[in-house]
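See below for the structure under consideration.
Naming: A, B, ... by sequence-line order, numbering from 1 per chain. Quick caveat, the model's predicted, so the values are computed rather than measured. Side chains are part of it too, since the values below use all heavy atoms of this structure and drop only hydrogens, waters and symmetry mates.
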Number of protein chains: 2
Amino acid sequence: MVVQTDLSDAEVDRIFHALADATRRDIVRRTLTVESSVSELAQAYDMSFAAVQKHVAVLEGAGLVVKTPRGRERLVRGNPDRIRKAQRLLDAYEQLWRDRVDRLDSLFAERPDR
Amino acid sequence: MVVQTDLSDAEVDRIFHALADATRRDIVRRTLTVESSVSELAQAYDMSFAAVQKHVAVLEGAGLVVKTPRGRERLVRGNPDRIRKAQRLLDAYEQLWRDRVDRLDSLFAERPDR
DNA sequence: CTAACCTGCAACCAAATGGTTGTACAAACT
DNA sequence: AGTTTGTACAACCATTTGGTTGCAGGTTAG
């Protein structure tokens with residue numbers, strides 16, 4: 001079983017770009033809770049079916065959402081794995097900052113100014 | 001002291017949009033570690049000064065970076081608070097998914113099929 | 001004082017984004 | 001069989017984005 005370990009810059013771009021839209025975030029939220037068809041989703045928003053379909057396509061391209069066919073509809077469900085991937089990316093940034101604080105602290109410990 | 005507790009949709013849009021670009025993510029990474037002037041940053045990338053300056057402006061607009069004047073330069077440093085805000089947003093999504101799993105589990109416990 | 005440096009901003013341009021409508025096709029009713 | 005439903009995709013349009021160059025203003029260095 002191949003488990004994807006690392007994300008390219010382009011993939012990270014796509015993930016954050018997909019999250020940078022309130023409608024798309026709402027679709028993720030919704031489909032993490034209940035699996036829905038594209039048309040069910042479309043009814044929830046004040047825009048055309050095609051517009052919602054495009055949003056779903058963007059989310060799918062980012063891997064934040066997965067589509068599975070069931071008869072004539074496509075069931076959309078949120079992908080918690082990708083959410084966690086994004087979380088870990090942010091974790092890495094936070095860690096950088098903590099490392100910096102640690103460095104400053106140890107510098108301070110080395111040269112106490114009293 | 002006023003501590004901002006919640007983010008509007010537009011603010012969340014700006015945060016994720018700011019993160020959806022490799023150059024901008026690199027600026028955040030860099031300035032979380034070492035404070036740098038805009039021109040120091042500009043030297044690190046293969047694009048014009050103005051382009052880098054725009055990226056910094058986008059990051060600043062999202063609150064991911066803070067600028068403080070020092071003489072003729074503006075020192076840029078990453079804002080760990082905003083990173084954490086973004087983390088908590090993603091946490092909320094992950095929690096939705098866990099809630100769903102819990103619901104399915106308890107449903108299963110109520111009606112064991114054996 | 002003058003020159004060099006750092007920054008911000010405007011104008012411009014090509015490409016991408018987010019919306020629309022229309023068309024096509026497969027699946028499911030009646 | 002014919003109609004409705006669900007989806008995909010293309011074409012089109014306005015706006016935004018990400019880059020450029022050029023200019024103006026404040027700050028530092030010679």
Please report the distance, rounded to the nearest Å, between [atom1] in [X] and [atom2] in [N].
{"X": "Asp13(B)", "N": "dT17(D)", "atom1": "CG", "atom2": "P", "answer": "10 Å"}
{"X": "Ile27(A)", "N": "dG18(C)", "atom1": "CD1", "atom2": "P", "answer": "12 Å"}
{"X": "Glu73(A)", "N": "dA8(D)", "atom1": "CD", "atom2": "P", "answer": "11 Å"}
{"X": "Lys54(A)", "N": "dC13(D)", "atom1": "NZ", "atom2": "P", "answer": "14 Å"}
{"X": "Phe16(A)", "N": "dT17(C)", "atom1": "CZ", "atom2": "P", "answer": "17 Å"}
{"X": "Glu40(B)", "N": "dT7(C)", "atom1": "CD", "atom2": "P", "answer": "8 Å"}
{"X": "Phe49(B)", "N": "dT7(C)", "atom1": "CZ", "atom2": "P", "answer": "5 Å"}
{"X": "Asp21(B)", "N": "dG18(D)", "atom1": "CG", "atom2": "C1'", "answer": "8 Å"}

Quick check: on DNA chain C, is the nucleotide nearest Asp46(A) upstream (toward 5') of the one nearest Leu75(B), or the reverse? Name the residue that is more 5'. Leu75(B)
Quick check with a 6.0 Å cut-off and a 45 degree axis cone: is Arg84(B) positioned over the face of Trp97(A)'s six-membered ring? yes
Does the salt bridge (charged side-chain N to carboxylate O under 4.0 Å, His left out) test come out yes or no for Asp26(A) and Arg30(A), once each step is laid out? CA-CA 6 Å; Asp26(A) 199 67; Arg30(A) 194 179 286 261; 3.5 Å; yes
Are OP1 or OP2 of [N] and a side-chain N or O of [X] less than 4.0 angstrom apart?
{"X": "His17(B)", "N": "dG18(D)", "value": "yes"}
{"X": "Ser37(A)", "N": "dG6(D)", "value": "no"}
{"X": "Arg72(A)", "N": "dT4(D)", "value": "no"}
{"X": "Gln53(A)", "N": "dA8(D)", "value": "yes"}

Could you give the side-chain donor-acceptor pairs of residues 18-25 of chain B under 3.5 Å, partners two or more places apart or in another chain?
| from | atom 1 | to | atom 2 | distance (Å) |
| --- | --- | --- | --- | --- |
| Asp21(B) | OD1 | Thr23(B) | N | 2.9 |
| Asp21(B) | OD1 | Arg24(B) | N | 3.1 |
| Arg24(B) | NE | Ala18(B) | O | 2.9 |
| Arg24(B) | NH1 | His55(B) | ND1 | 3.2 |
| Arg24(B) | NH2 | His17(B) | O | 3.1 |
| Arg25(B) | NH1 | Asp13(A) | OD1 | 2.9 |
| Arg25(B) | NH1 | Leu19(B) | O | 2.7 |
| Arg25(B) | NH2 | Asp9(A) | O | 3.3 |
| Arg25(B) | NH2 | Asp13(A) | OD1 | 2.8 |

The single option from Leu75(B), Val66(B), Val76(B) passing side chain to side chain contact (heavy atoms under 4.5 Å, CB included) against Glu35(B): Leu75(B)
When only distance counts, do a donor and an acceptor, one from the side chain of Arg74(B) and one from the base of dT7(C), lie under 3.5 Å apart? no
Check every strand shown and say whether [X] touches a base, only sugar-phosphate, or nothing at a heavy-atom separation below 4.0 Å.
{"X": "Arg70(B)", "answer": "nothing"}
{"X": "Ala50(B)", "answer": "base"}
{"X": "Ser39(A)", "answer": "sugar-phosphate"}

Does either side chain, that of Asp91(A) or that of Gln95(A), offer a donor lying less than 3.5 Å from an acceptor on the other one? no
